[in-house]
Amino acid sequence: MSTDAIAHDDHHDEPAKGLMRWVTTTNHKDIGTLYLLFSLLMFFVGGAMALVIRAELFQPGLQLVDPHFFNQMTTMHALVMIFGAVMPAFVGLANWLIPMMIGAPDMALPRLNNWSFWIMPFAFTLLLSTLFMDGGAPASGWTIYPPLSLQTGDAFPFLIFAIHFMGVSSVMGSINIIATILNMRAPGMSLMKMPLFVWTWLITAYLLIAVMPVLAGAVTMLLTDKFFATSFFNAAGGGDPVMFQHIFWFFGHPEVYILILPAFGIISQIIPTFSRKPLFGYASMVYATASIAFLSFIVWAHHMFTVGMPLAGALFFMYATSLIAVPTGVKVFNWVATMWKGAITFETPMLFALAFVVLFTVGGFSGLMLAMAPADFQYHDTYFVVAHFHYVLVPGAVFAIMAAVYYWLPKWTGHMIDESLGRKHFWLSVIGVNILFFPQHFLGLAGMPRRIPDYALQFAEFNALSSIGAFIFGLSQLMFLWIVIKTIRGGQQATDQVWEGAQGLEWTLPSPPPYHTFETAPEIK
Amino acid sequence: MSFKQFSRRFGALAGGGLLMNSSSAWAELGLNMTRGVTSISRAAYDLHMLIFWICVLIGLVVFGVMFYSMYHHRKSKGVVPAQFHESTTVEIVWTVVPMLILIGMAVPATRALIAMEDTSNADMTITVTGYQWKWKYDYLDEGVSFFSTSSTPRAQIVNDQEKGENYLLEVDNPVVVPVGKKIRFLTTAADVIHAWWVPDLGWKRDAIPGFINESWATIEEPGIYRGQCAELCGKDHGFMPVVVVAKTEEDYQAWLSEQKASAGAAAASADREWTLEELMSKGESVYGTACAACHLPTGEGMGDMFPALKGSPVTTAGPVEEHIATVLKGRTGTAMAAFATQLDDVDLAAVVTYTRNAWGNDTGQLVQPSQIESLR
C-alpha cells in the first residue's frame, strides 16, 4: 500500500536544495523537523538559565548573580521552556506524525504551517533580546503579575509582543491540526480508530484555540496599563490586580494540560508497542483526555487559594481540582493494565515511557496534595510547588518528548539509535532528575519560598543536593544531542516497522519515509 | 556554613531517611511540614499527613502492580502476550474507587477550611502592610505602628562574614503578640503584591494593594516564629523576613507601653531644629534601611533600573523641593516607591539631607522636618 502511495514522479517530489528549502518549505516533515530543532535549541537555552539558578542556589549567600538578574533567570527560564521548548516540540511531533498516522498526504494548510513556524524565531529573538536591555529581561515571574510586572524596564513591550507572536503561532498551528484531523483522515479511519496521539493533539488544539486569545487579552491590558494610563489592574484607578490572576490562570491552567496531553498520547503509543499488546481501554483513554480538558477550564483559581477568596469559591475550586485525579488515575491504570500480561522489552523509548508513568504519577500525587486548600496555605509558593510542577513537566512532558524522539527517530532518519548510548542517557537523566527535584519537596515543606536567590541556613543541604542533580541532569542532555546527531548521520538501517510490536500507519511507510507520503490514501480496514 | 557542619547535617539526613515517623528528627532536618503552634497549623499538618499516606498507599499498589508486571511479563522470559484490551467493569471500579477516596479526603479538608476562614470574635487586630521590601505593622486600637526590616548584615549575604544562626530570618522590629488571644491579621500592600507567611501559624496570605485580606491565629506557646515573604515582589523578595514574637499577656502589655512611650518621644523631636551633623548621622541609618537595597550603600545605584544618587542632578543641582517630592511620592512606572507614609518627617528630612551631602555630593544644603511637613 505504502509503495503505491510513493510511486509518483511529480516535479516537487524531492525537496529543494539549500537554505531556501527550509525557509519556503510547506512540507509537514520539514516543518516538523524545524520545530523539533528549534525546540532542542530552546531546551538548551532554557536549561542554561536553570543552571545559573541552581549554581547560585548551591550555597547560601549571593555568589554569582545579583537578585535582580536571578529573577530575570527564573522568569526567562520558564518562558523559554514552556513556549520555546515543550510546546514547539509537541507541535513538531504533531507535524511529523499526524499526517502519517491518519494517512494524509500533508497538513491541511501547508502555507499556514510554514508561517506558524517562522513566527517563532522572531518571537524568541524579541524575548531573548531583552536580556541585553536597560533594566534587563522581565523579572516578575512568567506569570507577570501586576503591579510588579509593570515595574519592568524597556523589556516590557518586547515581552508582550513576543507573547502575542507565540500566541498567533500556536493558534495557527492548532487550526491547522484540527483541520487536518477532521478533514484529511484516510477512508475508514474513523475518529475512534485514530491513534491516541492524534486524539490527544486534537483536544490540545482546541484548548490552545480557547485560551491563547485569553492570554493575549490579559497581556494587552497590561500593555495599556503601562503605556496608555488605563487601570485594568491598578487598584488606585479602580482596577483590580487579582483580576489579572483570574484571567491569567484561566489561560494558565488549560496551558498546563496543553503541556501534558500530547505526552499522554505519546506514552499511549509507546507502551503498547513494547508490551506487544493493544492499549487497554482505548475508549476510556479518549474520554479521560476529554474530561481532563473540560475540567481544566474550571479549576484555575487553585493557583490562587491565598489571594483571599470567599469560602464558597475556595471549596468549589478545591473539589473541582481533586476531581482531575479521577481521569488522570484512569490513564495511569490503563497504562499499567496495558503492560499486564504483555511481553515487555526495555528499549530506550520504553525506559523513558516507564519513567514517565512513575514520575508523572509522583507529580500527580503532589498535585492532589496541593489541591487540598487548607494544606495549600502552607505549600503555596514554596519549593513544594516547584518540585510538583517540575515532576510533571520534566520527567513528565520532557521525558515523553525524549521517548517520542527515540521511538520515531529511526522512522524519520532510517537509522536505528545507538541503544547502549540511549540507555546511558536514560539512566543519567532519571537519576539526575530525581536528585534535582526530589529534595525540593523537603525544602518546600520545611518552609523555603520559591523564587528567592538566597535562603536560610536550614535549607543548605537539600539545595546543594538539588544543584548537584541539576548539573548531572543538565550535562547529560548533551548526550541526547549527540545521540540525535549520530542517528541522523548514520546507523543500522531501520526496517519499515522499526519496533517489533509497533502498530499503525506510520510503520507501514519506508524508513525514512519519502518526502511525500500517502498521496493516495491508504485503506483502513 | 563550614564543611564540618555541612557534612554532619548531611550524615544525619542520610540516617534520618531510614527512621520513618521519628517526627522530631524530621522537623530538625527540615524534611516535613511543621506542626506549628496554632489550631490551623495543626489542621493543615494533619490533612497533609493524611493525604500523604493515602498517596503513598496508592503509589505502592499501582507501582507494585507495574513493577510486578515489568518483572514477570518480560519478553525475555518467553511469555506470549495476551491480547485483552477492554473491561468495562474494571474501568468502572477504578473510576469509582478514587472518587470515594476523594470524598473521604474532602470532608476533613472542608472542615479545616471553614475553621480557617472564621475570623469572627477576634481579641485584637493587626494590619500587616507589605512594602518593597519590608513589612509594616499597625496595632489597631493601640496606635502602635512600626516597620520591620531584615537585620541580616549585607556582609553576611555577600559572604564577607560568617552567617548567623538566623541568617535572612531576622528583623530589626519583630511583631510582638500575646499568646492565647485570637488575633485577626489584615494583610494589604503599598506597592506590589507580597505574601505574609509564618509556617508555624499554618497559613500564608497575599498582601495586595487595594485589597484587605483577613486571617487569624491564636498562638498557643510563647516563642519566636520566623517566616518570610512568599510572593515574588521584586529584587529583594528573598530579603523580607517576618518574625513573630509571642509573649505572655503580661510581657506583651509591658512591651506595648514601651512602644507608646517611644512614639511620644519621636513626635516631640519633629518640632525642633536639627543640625547638619544630627541629620547626617540619622540620615545614614535611614538610608541604610530604606534606600540602600536599590541605590546601594555607596549611592552608585544599579544601572538604569535603580539610578545612581551620587552625582545625580536630582540630589545635587536640582531644586530641593523636587528631590523631596520624588522621595515623598515616588516615580510612577519605576521601582521608586512613595515614602510619604513609610517614613516620618524627621526620617525624610534626614535622608534627603544625607543624600544631598554624602559621597561627595556636598551641596551643604540641609532640610528640616518642618520643611517636609509643609511639602506633604
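Chain naming here is simple, since letters A, B, ... match the order of the sequence lines and numbering starts at 1 in each.
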For [X], which atoms come within 4.5 Å of any heavy atom of chain A: side chain, backbone, both, or neither?
X         : answer
Glu214(B) : neither
Ala112(B) : both
Ile193(B) : both
Ile208(B) : side chain
Ile157(B) : both
Asp206(B) : both
Leu102(B) : side chain
Phe63(B)  : side chain
Ile114(B) : both
Ile58(B)  : both

Spacing of [X] atom [atom1] and [Y] atom [atom2] [to the nearest 0.5 Å]:
X         : Y         : atom1 : atom2 : value
Phe70(A)  : Lys235(B) : CZ    : NZ    : 14.0 Å
Met105(B) : Met372(A) : CE    : CE    : 4.0 Å
Gln378(A) : Asp200(B) : CD    : CG    : 8.5 Å
Ile101(B) : Ser322(A) : CD1   : OG    : 12.5 Å
Lys331(A) : Trp94(B)  : NZ    : CH2   : 12.5 Å
Lys163(B) : Leu457(A) : NZ    : CG    : 7.5 Å

Which atom of [X] lies closest to which atom of [Y], heavy atoms considered:
X         : Y         : result
Asn159(B) : Pro60(A)  : OD1-O, 3.7 Å
Phe211(B) : Pro241(A) : CE1-CD, 3.8 Å
Pro453(A) : Phe239(B) : CG-CE1, 3.9 Å
Leu31(B)  : Phe462(A) : CD2-CZ, 3.3 Å
Thr382(A) : Lys204(B) : CG2-NZ, 4.0 Å
His237(B) : Arg450(A) : NE2-O, 3.5 Å

Report which part of [X] has an atom under 4.5 Å of a heavy atom belonging to chain B: side chain, backbone, both, or neither.
X         : value
Leu315(A) : both
Phe333(A) : both
Asp454(A) : both
Ala371(A) : neither
Asn334(A) : both
Ala456(A) : both
Leu368(A) : both
Pro278(A) : both
Tyr379(A) : both
Met309(A) : backbone
Tyr455(A) : backbone
Tyr145(A) : side chain
Pro146(A) : backbone
Thr338(A) : neither

Stepwise side-chain contact (heavy atoms from CB on, under 4.5 Å) test for Ile452(A) and Gln228(B): CA-CA 10 Å; Ile452(A) 56 174; Gln228(B) 51 194 124; 4.1 Å; yes
Based on non-hydrogen pairs under 4.5 Å, which of [options] is most in contact with chain B?
options                         : answer
Leu150(A), Leu279(A), Thr74(A)  : Leu279(A)
Gly342(A), Ala375(A), Ala235(A) : Gly342(A)
Val326(A), Asp66(A), Thr143(A)  : Val326(A)

Mutual orientation of the aromatic rings belonging to His48(B) and Phe384(A) [parallel < 30°, tilted 30-60°, perpendicular > 60°]: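 Because their plane-to-plane angle is over 60°, the rings of His48(B) and Phe384(A) count as perpendicular.
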Under 4.5 Å between any side-chain heavy atoms of [X] and [Y], yes or no?
X         : Y         : value
Asp191(B) : Pro147(A) : no
Leu354(A) : Met66(B)  : yes
Trp197(B) : His380(A) : no
Val332(A) : Val62(B)  : yes

Partners passing salt bridge (charged side-chain N to carboxylate O under 4.0 Å, His left out) against Lys226(A) (at least two apart in sequence or in another chain):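 Residues passing salt bridge (charged side-chain N to carboxylate O under 4.0 Å, His left out) with Lys226(A): none at all.
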Among Gly202(B), Gly210(B), Gly59(B), residue most engaged with chain A (heavy-atom pairs, under 4.5 Å):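 Among Gly202(B), Gly210(B), Gly59(B), the one with the most close pairs to chain A is Gly202(B).
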Residues 79-89 of chain B: residues contacting chain A (heavy atom under 4.5 Å, by number):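 Answer by number: Val79(B), Val80(B), Pro81(B), Ala82(B), Gln83(B), Phe84(B), His85(B), Glu86(B), Ser87(B).
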